[in-house]
Amino acid sequence: MTLAGIGGFFLVFIEAYIVLILKGYHTIDLGGIRPFVTVWAMNFFLLFSIFTQIKFWHEDKQLSDETSTER
């Protein structure tokens, strides 16, 4: 959860930078704290779901490696 929270925070700025480059803007206004928190929350849940799936994949891989070694 910590990695998803911190990563979501950094993704907000990475996304804003991409918009700056693609649109040719010089500055960007995130619209206040409420839109910023909304975008951060979306990024948090995106990263949280990705990290959860990676965790499950890693546990399944370890379990299959253990069972294949025992045979």
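The structure presented is a predicted model; accordingly, all values stated were derived computationally and were not measured. For reference, positions follow the sequence shown, starting with 1.
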Show me the side-chain donor-acceptor pairs of residues 36-52 shorter than 3.5 Å, one per line, residues at least two apart or across chains.
unit_1 : atom_1 : unit_2 : atom_2 : d
Thr38  : OG1    : Arg34  : O      : 2.8
Trp40  : NE1    : Gly5   : O      : 2.9
Asn43  : ND2    : Glu15  : OE1    : 3.4
Asn43  : ND2    : Val39  : O      : 3.4
Ser49  : OG     : Phe45  : O      : 3.2
Ser49  : OG     : Leu46  : O      : 2.8
Thr52  : OG1    : Phe48  : O      : 2.7

Tell me who clusters with Ile6, hydrophobic residues only, linked when side chains sit under 4.5 Å apart either directly or through other members.
-> Phe10
Residues in side-chain contact (heavy atoms from CB on, under 4.5 Å) with Lys55, at least two apart?
-> Glu59
May I have the list of side-chain donor-acceptor pairs in residues 17-33 shorter than 3.5 Å, sequence neighbours left out?
unit_1 : atom_1 : unit_2 : atom_2 : d
Asp29  : OD1    : Gly31  : N      : 3.2

